[in-house]
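Reviewing the structure listed below.
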Amino acid sequence: MPQTLADLAGALAASPLNRLAVYLLTEVPGFPPTVQTLHLLSISAIMGSIVLIDLRVLGLALPTQSTNELVRRLMPWTWWALPVLAVSGLVLVFARPARYLSNPVFGLKFAMLAPAIVLAVVFQRGSTRHPHFWEGSPRRRASARAIAAVSLLLWVGVAMAGRWIAYADYLFPE
Ligand code: HEM
């Protein structure tokens with residue numbers, strides 16, 4: 001593990017956040033499955049909002065729905081799901097920082113999550129600037145499709161990496 005991550009893991013392990021997370025996960029009955037359920041429900045919200053919009057832009061779902069209308073109605077689900085994902089995920093990270101910060105799949109998850117969020121912001125900004133912004137010219141239509149394709153791959157990648165964190169040993173044997 002790189003020294004900065006090792007230092008961060010050490011600092012987190014010595015912090016009150018670690019004691020709070022360990023207390024919640026070990027002493028509060030039902031807390032671990034509740035946190036994991038919140039994580040999973042928020043993933044469903046992501047899949048049913050931004051990923052559905054990506055599929056619409058690519059012509060693979062909801063062909064009769066206006067993309068702009070979908071962005072307006074569904075994107076709030078993505079923006080609300082993200083903080084819930086962050087809080088529910090961070091409780092687990094704070095409890096065992098070294099386990100996660102030394103896990104390459106965990107790093108990969110965030111390497112995909114950051115650009116996925118940037119693309120979501122870019123796409124939504126275009127849509128709010130003008131209702132038909134992404135249909136305004138052949139170039140914009142092509143850009144929208146490219147954004148949707150990359151975004152789709154990134155979100156699926158984030159979800160896959162999330163599940164594969166527990167199986168990093170299979171991917172990266174010592
Ligand atoms: C925003 C910050 C996030 C943090 C801090 C975070 C953190 C975590 C952690 C610590 C785990 C447990 C891994 C394990 O021990 O096996 C996990 C699981 C998982 N995460 Fe995240 N995550 C975040 C966002 C996301 C997002 C955006 C997605 C997908 C769209 C996602 C998908 C998953 C999946 C599929 C699992 C496996 C759940 C299970 O099998 O119970 N996570 N995440």
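Atoms within a ligand are numbered from 1 in the order they appear, just like the ligands themselves.
- Every atom of ligand 1 is numbered from 1 in the order shown, and the set under 4.0 Å from a heavy atom of L113 is 1 (C), 27 (C).
- Atom CG in L40 sits 9.0 Å away from atom CG in L85 (nearest 0.5 Å).
- Within the set A168, G157, G89, A166, the minimum heavy-atom distance to atom 7 (C) of ligand 1 is found for G89.
- Both F31 and V93 belong to a common hydrophobic cluster when Ile, Leu, Val, Met, Phe, Trp and Tyr are linked at side-chain heavy-atom distances under 4.5 angstrom.
- Taken to the nearest 0.5 Å, the CD1 atom of I46 stands 13.5 Å off from the CH2 atom of W80.
- Atoms of ligand 1 found under 4.0 Å from any heavy atom of V93, numbered from 1 in the order shown, are 10 (C).
- By the criterion of a heavy-atom distance under 4.0 Å, both the backbone and the side chain of L85 are placed next to ligand 1.
- For H39, the N, O or S atom closest to atom 21 (Fe) of ligand 1 goes by the atom name NE2.
- What sits closest to atom 29 (C) of ligand 1 on the protein, heavy atoms only, is V158 CG1, 3.6 Å.
- For atom 38 (C) of ligand 1, the closest non-hydrogen atom on the protein side is L40 CD2, 3.9 Å.
- Contacts with ligand 1 closer than 4.0 Å are made by heavy atoms of both the backbone and the side chain of R163.
- Atoms CG and OG, from L41 and S88 in turn, are 9.5 Å apart once rounded to the nearest 0.5 Å.
- Taking the six-membered ring where the residue is Trp, W164 and Y167 present perpendicular rings, their angle passing 60° and hence far from 30°.
- Atom 4 (C) of ligand 1 has its closest protein heavy atom at F110 CZ, 3.5 Å.
- The ligand atoms of ligand 1 that sit less than 4.0 angstrom from a heavy atom of G162 are 18 (C), 19 (C), 20 (N), 33 (C), 34 (C), 36 (C), 37 (C).
- The protein atom (non-hydrogen) at minimum distance from atom 2 (C) of ligand 1 is A86 CA, 3.6 Å.
- Ligand 1 is approached by R99 to a heavy-atom distance shorter than 4.0 Å.
- Looking only at distances, a side-chain donor or acceptor of R141 sits under 3.5 Å from a matching main-chain atom of E135.
- Heavy atoms of other residues, nucleotides or ligands lying less than 6.0 angstrom from CE of M160 number 12 at most.
- Ring geometry, W134 versus F123: the interplanar angle falls under 30°, so the pair is classed parallel (tilted spans 30 to 60°).
- Scanning all protein heavy atoms for the shortest distance to atom 9 (C) of ligand 1 gives L92 CD1, 4.1 Å.
- I43 CD1, 3.3 Å is the protein heavy atom nearest to atom 32 (C) of ligand 1.
- Checked by atom type and distance alone, the side chain of R56 never pairs as donor or acceptor with a backbone atom of L70 at under 3.5 Å.
- Considering CE of M47 and CG of L52, their distance stands at 11.5 Å, rounded to 0.5 Å.
- Contact annotation: K109 places an N, O or S atom under 2.8 Å from atom 21 (Fe) of ligand 1.
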